[in-house]
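For reference, the structure is listed below as structure tokens.
Fair warning: this is a prediction, and the values are worked out from it, not measured in the lab.
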Protein chains: 4
Amino acid sequence: MILTAARAFQQRGYHNTSLDDLAGLLGVTKPTLYHYVRNKEEILFECFRTGLDQIRTGLREADASDAPARERLAIVVRQYAAAIASDFGWCMVRAEDQDLSIEMSSAIKALKSEIDQGLRRLIRAGSADGSIAAAQDPKLAAFALAGALNWMGHWYRPDAALTADQVADGFLELFGLGPTPKAHRARYNGASKRLSQ
Amino acid sequence: MILTAARAFQQRGYHNTSLDDLAGLLGVTKPTLYHYVRNKEEILFECFRTGLDQIRTGLREADASDAPARERLAIVVRQYAAAIASDFGWCMVRAEDQDLSIEMSSAIKALKSEIDQGLRRLIRAGSADGSIAAAQDPKLAAFALAGALNWMGHWYRPDAALTADQVADGFLELFGLGPTPKAHRARYNGASKRLSQ
Amino acid sequence: MILTAARAFQQRGYHNTSLDDLAGLLGVTKPTLYHYVRNKEEILFECFRTGLDQIRTGLREADASDAPARERLAIVVRQYAAAIASDFGWCMVRAEDQDLSIEMSSAIKALKSEIDQGLRRLIRAGSADGSIAAAQDPKLAAFALAGALNWMGHWYRPDAALTADQVADGFLELFGLGPTPKAHRARYNGASKRLSQ
Amino acid sequence: MILTAARAFQQRGYHNTSLDDLAGLLGVTKPTLYHYVRNKEEILFECFRTGLDQIRTGLREADASDAPARERLAIVVRQYAAAIASDFGWCMVRAEDQDLSIEMSSAIKALKSEIDQGLRRLIRAGSADGSIAAAQDPKLAAFALAGALNWMGHWYRPDAALTADQVADGFLELFGLGPTPKAHRARYNGASKRLSQ
DNA sequence: TATGAATGAGTATTCATTCAT
DNA sequence: GATGAATGAATACTCATTCAT
């Protein structure tokens with residue numbers, strides 16, 4: 001059901017998808033929906049959480065690993081890209097605070113923050129263990145990375161040339177969060193130094 | 001009026017802002033709104049266009065300049081960040097196709113594409129003239145850059161620590177779209193110094 | 001419900017009867033109406049069809065009979081008069097193309113045409129079998145007959161001196177669609193005498 | 001102006017023609033309309049009266065003539081048909097009581113009654129002077145005649161095969177209000193033959 | 001004479017939600 | 001567990017009409 005809902009929200013938008021539409025797509029009647037959820041917003045929340053769990057899985061995987069931070073970050077970013085590319089992508093990116101009750105809104109905010117903090121932590125760890133070209137401002141880097149990934153929701157089509165993994169790797173490269181091969185470390189050293197001031 | 005509307009949309013969301021709300025905020029009655037716009041969606045479109053024009057101004061400025069592509073890109077990105085940070089930021093980022101009629105939706109798509117193409121062009125030009133560390137995939141780079149900038153709409157607050165310009169410059173650095181260290185450092189030193197302040 | 005709607009339309013006019021009025025008359029709330037109809041125009045259409053079905057019943061009855069065309073025509077005309085005199089009369093006569101969507105408008109046009117063709121057919125048959133004083137132009141005769149009948153909707157009141165049947169017979173006489181003088185005068189004398197009283 | 005209004009009402013219907021539409025068609029602004037009329041309904045009333053005057057002219061002409069009633073009736077009926085076929089036809093037939101204020105509604109009713117009475121008077125006179133095949137019920141005959149004529153507003157197109165005059169004559173024939181058989185058959189034979197082709 | 005701006009009162013329609021069955 | 005029926009509250013949009021200029 002959440003899958004169907006997520007797809008509908010993605011195509012029509014949350015506000016343009018009525019519970020009638022949803023019930024129709026699911027082949028049940030409207031009141032039946034209320035046996036499974038309390039609210040329309042609960043559906044949105046479930047979509048959000050489902051998509052998010054994929055990223056959290058990545059985070060836990062990364063935390064469990066003792067690979068260098070660079071690789072651990074890559075794990076998360078790939079899961080992130082996959083989540084955004086999935087049917088739940090839309091809900092995660094566009095679920096707006098204003099459409100939700102205060103409780104749910106803050107629940108979502110907490111979950112979003114969890115990811116944000118996870119990304120920052122990994123970036124910092126990468127700077128520390130030298131596996132990532134030292135990021136001057138981990139917070140800004142995390143925002144940029146998340147932004148680029150979230151924006152996939154607007155342009156990425158699963159049937160396109162690139163897989164979600166390729167996009168993820170491309171972003172890591174672009175952000176200077178890719179591997180610090182010998183060749184590039186020196187080359188960009190100056191730039192990153194300047195930035196960190 | 002569009003400014004008031006843009007602010008309202010930003011705070012409450014498009015669907016949660018009724019024309020009654022809007023009229024109330026403007027201190028006029030609802031039918032008065034219809035003297036100036038045909039539709040609710042036209043208001044959204046105007047907001048979108050207003051914000052977008054700021055970026056297009058940047059694009060034209062960049063096109064008119066004969067500075068190296070790196071600097072021309074910086075001009076655009078700063079205008080972009082400023083636009084997103086403005087009251088029209090929300091509308092530009094979140095105006096959804098599904099909320100608009102087909103004509104308006106495609107008009108918006110065209111305008112968005114114009115910017116996307118502009119960014120790609122500058123990135124390619126920067127690779128060509130050597131002022132930018134060669135991007136492997138200009139298309140992906142443009143998406144990432146736009147994504148990071150658009151995402152500002154979700155986290156940036158004007159009263160925060162960073163100015164929109166600082167965010168813009170930070171992103172350029174992060175994306176490896178900043179100056180190529182050795183070759184251009186000397187040449188563009190002045191510019192980058194200004195930037196880093 | 002259609003009956004109530006038909007009465008309201010008759011008294012106040014279609015455009016002067018709001019769905020609020022209708023809901024009030026039915027003792028339900030407005031959204032309840034939308035459980036049973038899709039549109040306001042669908043209500044008008046249902047009224048139209050209900051009234052029309054009475055005439056079509058007459059047409060089928062006439063087609064099934066092997067009486068002379070004169071009598072078959074009388075069957076239809078009486079049903080027609082009864083329909084116009086009924087609560088649905090107004091809707092049938094005044095439902096305007098301009099108030100309806102293209103699909104419904106053409107659906108109504110088709111139904112109207114069905115009746116028109118039926119009348120012409122019977123008039124022609126009457127000319128052929130000699131039971132009707134030969135009409136010079138069956139098409140014009142059908143228009144005149146329908147016009148006279150439809151106009152009842154403007155002046156006929158059920159509580160008036162004449163029954164709908166009497167009006168129908170009077171019209172048939174007047175239009176020269178009554179019995180052919182010599183052949184039928186004797187036979188149908190009683191009926192026409194009754195009328196003239 | 002009334003001509004333009006009448007045409008607009010005919011095409012779109014009274015309720016579907018806004019004063020904005022009307023002003024647009026006339027190339028003036030809305031408030032300008034209010035320099036010439038007090039009300040929207042006054043426009044409708046003017047249309048009604050303009051069309052009606054054509055019929056009243058016929059009535060006066062008929063009253064002034066000392067021809068046999070049969071011929072005097074023909075004068076009126078032809079003017080009637082011409083009026084219905086004109087741009088003002090729609091307004092005359094369909095202007096509904098419910099759309100008008102009480103005063104105007106009763107003014108219109110009076111004018112309509114004037115015509116109705118005129119028709120009855122002529123029919124009675126024709127029965128009296130023997131120029132018309134005696135109608136059993138002049139009132140019903142007048143209603144039928146008026147109904148047939150009014151209904152022209154629904155099917156008559158000026159560019160069609162028949163002129164309004166031909167329709168008028170055809171109706172007179174059909175209604176037995178044509179020439180009394182013996183006296184006039186020879187004289188009007190030509191006309192009716194033409195019709196039957 | 002003409003109008004740009006404004007509006008009060010409505011109008012059809014939608015939707016999330018409930019409840020008796 | 002499932003549903004048909006019902007609804008309160010809104011929502012975008014319209015229109016005849018007015019009035020200061």
Fill in the blank from the handout: CG of C:D99 to NE2 of D:H15, rounded to nearest 0.5 Å, is 8.0 Å
Problem - Of residues 1-9 of chain A, the positions that come close to DNA chain E - non-hydrogen atoms, cut-off under 4.0 Å - result: none
Practice task
Give a yes/no answer on whether the side chain of B:T32 brings an N or O atom under 4.0 Å of OP1 or OP2 in E:dA5.
Solution key: no
Practice task
State which residues pass ring pair (Phe, Tyr, Trp, His ring centres under 6.0 Å) with C:F45; sequence neighbours excluded, sorted by chain then number.
Solution key: none
Handout entry: Results of side chain to side chain donor-acceptor pair (under 3.5 Å) for A:S106 - residues two or more places apart only
Key = none
Problem - Residue list, side chain to side chain donor-acceptor pair (under 3.5 Å) with B:Q98, at least two apart or on another chain - result: none
Practice task
Could you grab the distance from atom SG of C:C47 to atom CE of C:M92, nearest 0.5 Å is fine?
Solution key: 11.0 Å
Practice task
Please identify each residue that fulfils side-chain contact (heavy atoms from CB on, under 4.5 Å) with C:E46, with sequence neighbours left out.
Solution key: C:I2, C:R49
Practice task
Tell me the stems DNA chain F sits in, counting at least three consecutive Watson-Crick or G-U wobble pairs, each under 3.5 Å on both distances.
Solution key: E:2-21 with F:2-21
Handout entry: Pairwise side-chain contact, D:L3 with D:T50, heavy-atom cut-off 4.5 Å (strictly under)
Key = no
Polar-atom pairs under 3.5 Å, protein N or O versus N or O of nucleotides 18-21 of chain F: list them with distances, or write none.
none

Fill in the blank from the handout: Rounding to 0.5 Å, atoms OG1 (D:T29) and NE2 (D:H35) come to a distance of 8.0 Å
Practice task
Check whether any side-chain nitrogen or oxygen of D:T29 sits under 4.0 Å from OP1 or OP2 of E:dA2, and answer yes or no.
Solution key: no
Exercise for the section: Please determine if a side-chain N or O atom of B:Y36 lies less than 4.0 Å away from the OP1 or OP2 oxygen of E:dA6. Expected result: yes
Problem - A:K40 side chain reached by A:Y14 side chain, heavy atoms, under 4.5 Å - result: yes
Problem - Pairs satisfying salt bridge (charged side-chain N to carboxylate O under 4.0 Å, His left out), at least one member in residues 24-36 of chain D, at least two apart - result: D:D20-D:K30
Exercise for the section: Would you please say whether a donor-acceptor pair under 3.5 Å links the side chains of D:S101 and D:E41? Expected result: yes
Handout entry: DNA chain F-proximal residues of residues 39-48 of chain D, any heavy atom under 4.0 Å
Key = D:N39, D:K40
Practice task
Over 60° means perpendicular and under 30° means parallel, so classify the ring planes of D:F9 and D:W90, tilted if in between.
Solution key: tilted
Practice task
Starting at atom CG of B:L33, determine the distance to atom P of F:dT11, rounded to an integer number of angstrom.
Solution key: 14 Å
Exercise for the section: Output all residues satisfying side chain to side chain donor-acceptor pair (under 3.5 Å) with C:D53, sequence neighbours left out; order by chain, then residue number. Expected result: C:R56
Fill in the blank from the handout: Those residues at least two apart in sequence (or on a different chain) that pass side chain to side chain donor-acceptor pair (under 3.5 Å) with C:N150 are C:Y80
Problem - Non-hydrogen side-chain atoms of A:L26 and A:L33 separated by less than 4.5 Å - result: yes
Problem - Near-strand residues of residues 11-26 of chain C, defined as heavy-atom separation under 4.0 angstrom from DNA chain F - result: none
